[in-house]
Protein chains: 2
Amino acid sequence: MLYYNTHYPAAIIMTLNDLPNQKHNHKQCVSNALAMAEQVCLERGVQLTPIRYQVLELIWESHKAVKAYELLDRIKPLQMAAKPPTIYRALEFLSEQGFIHRVESLNAFIGCRCSNAPHEQLLLICKNCQEVEERTAPKVMQALSEEFNDAEFIVHSKAIEIHGLCSQCAASVATDLSD
Amino acid sequence: MLYYNTHYPAAIIMTLNDLPNQKHNHKQCVSNALAMAEQVCLERGVQLTPIRYQVLELIWESHKAVKAYELLDRIKPLQMAAKPPTIYRALEFLSEQGFIHRVESLNAFIGCRCSNAPHEQLLLICKNCQEVEERTAPKVMQALSEEFNDAEFIVHSKAIEIHGLCSQCAASVATDLSD
DNA sequence: AATTGAATGTTATACTATAACACTCACTAT
DNA sequence: ATAGTGAGTGTTATAGTATAACATTCAATT
Ligand SMILES: [Zn+2]
Ligand SMILES: [Zn+2]
Ligand SMILES: [Zn+2]
Ligand SMILES: [Zn+2]
């Protein structure tokens with residue numbers, strides 16, 4: 001069953017490695033992400049139900065990592081019956097489909113900016129503005145592969161999470177100091 | 001105040017990148033780790049109290065990641081009054097001093113094998129045997145540095161956690177399949 | 001019309017972590 | 001000596017994160 005059959009323009013594959021924290025057209029981020037999710041669900045024959053769609057929309061309200069119980073609070077006006085399992089089930093689905101990533105070190109979630117295809121990524125997590133930037137970092141992934149070969153380790157999944165200051169916040173801290 | 005003044009032999013700096021999951025003298029791992037912790041605490045003028053020492057010992061019972069409440073259960077025979085804060089405080093201390101690492105993706109902890117000096121590391125986490133191997137992976141760290149430069153990101157801390165099968169478990173799975 | 005299965009509703013509970021305040025006791029400064 | 005200080009611990013309570021288990025709904029199939 002289809003809940004959303006409006007025809008979005010073909011999803012433009014967002015270029016990773018352009019900084020989300022810089023000024024950008026965030027409405028475009030969101031509509032791309034939602035359109036892509038709908039498209040992918042159609043292709044896979046899985047259901048992007050209203051709850052799942054709304055949770056994805058809520059996650060995409062910003063590039064900040066968002067917590068499950070925050071999502072729960074924010075979906076309640078739309079889904080009066082929402083309880084923790086409501087959110088966790090939606091998160092599980094969105095995560096399986098690759099539309100979001102879990103940030104292990106924050107117990108939180110972010111929208112994925114390249115969910116049209118499986119991919120490896122690392123996360124740059126700003127302690128100041130809480131925005132998370134996803135990067136494919138092919139050289140890092142290559143070095144990792146070599147490391148796994150050395151260790152004879154068979155990889156199933158990776159969580160590469162870097163905490164610090166994004167370029168914007170680093171710049172404004174520098175400005176503050178020079179004042 | 002000193003709780004432990006027995007003189008251990010000077011802590012031998014354990015070589016990282018020898019696989020913990022392979023057969024090895026684990027008593028040596030433990031005594032090295034405990035001796036190193038005592039030595040470092042002496043040098044830094046911080047207290048390795050009985051509770052902290054016992055928690056570190058419990059964490060070192062194996063190379064598996066261990067959870068806070070498991071530690072709580074296991075320390076209760078020794079510390080009847082132990083409650084969650086008992087464990088979490090000890091974990092905080094041990095973590096600050098670099099004697100253990102938190103495994104973010106498991107909400108668990110492992111003993112650090114090179115706690116005599118600050119260092120970067122990645123963790124190879126086996127889904128089969130739950131052992132965690134710490135590796136310095138200098139090439140990966142170098143590639144990461146370059147990535148951070150590109151992103152103009154200022155790093156404070158890293159969590160690089162890889163889930164999969166360790167060499168031992170991969171080998172035994174292969175054996176199982178060929179049977 | 002009966003069956004199936006995915007999704008959701010509902011209740012309860014498990015698991016993880018910290019806040020806040022009280023108490024102890026070795027150490028220090030008068 | 002003695003009062004004060006501060007780190008560590010004891011204690012109670014609660015906040016925050018996540019899932020188990022079972023009931024219900026409803027569109028799609030038989
Ligand atoms: Zn955006
Ligand atoms: Zn920032
Ligand atoms: Zn060992
Ligand atoms: Zn293993």
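Only this structure's heavy atoms are used, side chains among them; waters, hydrogens and symmetry mates stay out. Chain letters run A, B, ... following the sequence lines, proteins first and then strands; every chain starts at 1.
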* Using the rule that two of Ile, Leu, Val, Met, Phe, Trp, Tyr join whenever any of their side-chain heavy atoms come within less than 4.5 Å, decide whether B:Ile125 and A:Val155 are in one cluster. =>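 No; tracing contacts between hydrophobic side chains, which count when under 4.5 Å, never links both residues.
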
* To do: Sequence neighbours left out, what passes side-chain contact (heavy atoms from CB on, under 4.5 Å) with A:Asn128? Give chain and number order.
  =>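 A:Asn128 satisfies side-chain contact (heavy atoms from CB on, under 4.5 Å) with A:Cys126, A:Leu165, A:Cys169 only.
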
* Asked: Which one, D:dA18, C:dA7, D:dG8, comes nearest to the side chain of A:Gln47?
  ->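 For A:Gln47, the side-chain atoms sit closest to C:dA7.
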
Calculate the interatomic distance between [X] atom [atom1] and [N] atom [atom2]; express it in whole Å.
X	N	atom1	atom2	answer
A:Phe109	D:dG16	CZ	P	17 Å
A:Leu106	C:dT16	CG	C1'	15 Å
B:Glu104	D:dT17	CD	P	14 Å
A:Arg44	C:dA6	CZ	C1'	18 Å

What residues, two or more places apart in sequence or in another chain, satisfy salt bridge (Lys or Arg N to Asp or Glu O under 4.0 Å) together with [X]?
X	answer
A:Glu92	none
B:Arg102	B:Glu104
A:Glu61	A:Arg74

* **Under 3.5 Å donor-acceptor, B:Gln79 side chain and B:Ile51 backbone** =>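 No: the side chain of B:Gln79 does not pair with the backbone of B:Ile51.
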
* **Residues which pass ring pair (Phe, Tyr, Trp, His ring centres under 6.0 Å) with B:His156, listed by chain and number, not counting sequence neighbours** =>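 Ring pair (Phe, Tyr, Trp, His ring centres under 6.0 Å) list for B:His156, sorted by chain: empty.
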
* Please name all residues satisfying side-chain hydrogen bond (donor to acceptor under 3.5 Å, both in side chains) with B:Lys64, sequence neighbours left out, ordered by chain then number. =>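 Per chain and number, B:Lys64 pairs via side-chain hydrogen bond (donor to acceptor under 3.5 Å, both in side chains) with no residue.
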
Name the atoms and distances for all side-chain donor-acceptor pairs under 3.5 Å in residues 81-91 of chain A, with sequence neighbours left out.
residue	atom	partner	partner atom	Å
A:Lys83	NZ	A:Ala81	O	3.4
A:Thr86	OG1	A:Lys83	N	2.9
A:Thr86	OG1	A:Lys83	O	3.0

Short side-chain N/O contact to [N] OP1/OP2 from [X], under 4.0 Å:
X	N	result
B:Asn107	D:dT17	no
B:Thr49	D:dA7	no
A:Arg102	D:dT17	no

* Taking DNA chain C as the partner, which of residues 78-97 of chain B come within under 4.0 angstrom of it by heavy atom? ->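 Close to the strand are B:Pro84, B:Pro85, B:Tyr88, B:Arg89.
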
* Which residues in residues 65-77 of chain B have at least one heavy atom lying under 4.0 Å from any atom of DNA chain C? ->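 Per residue number, the list reads B:Lys67, B:Tyr69.
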
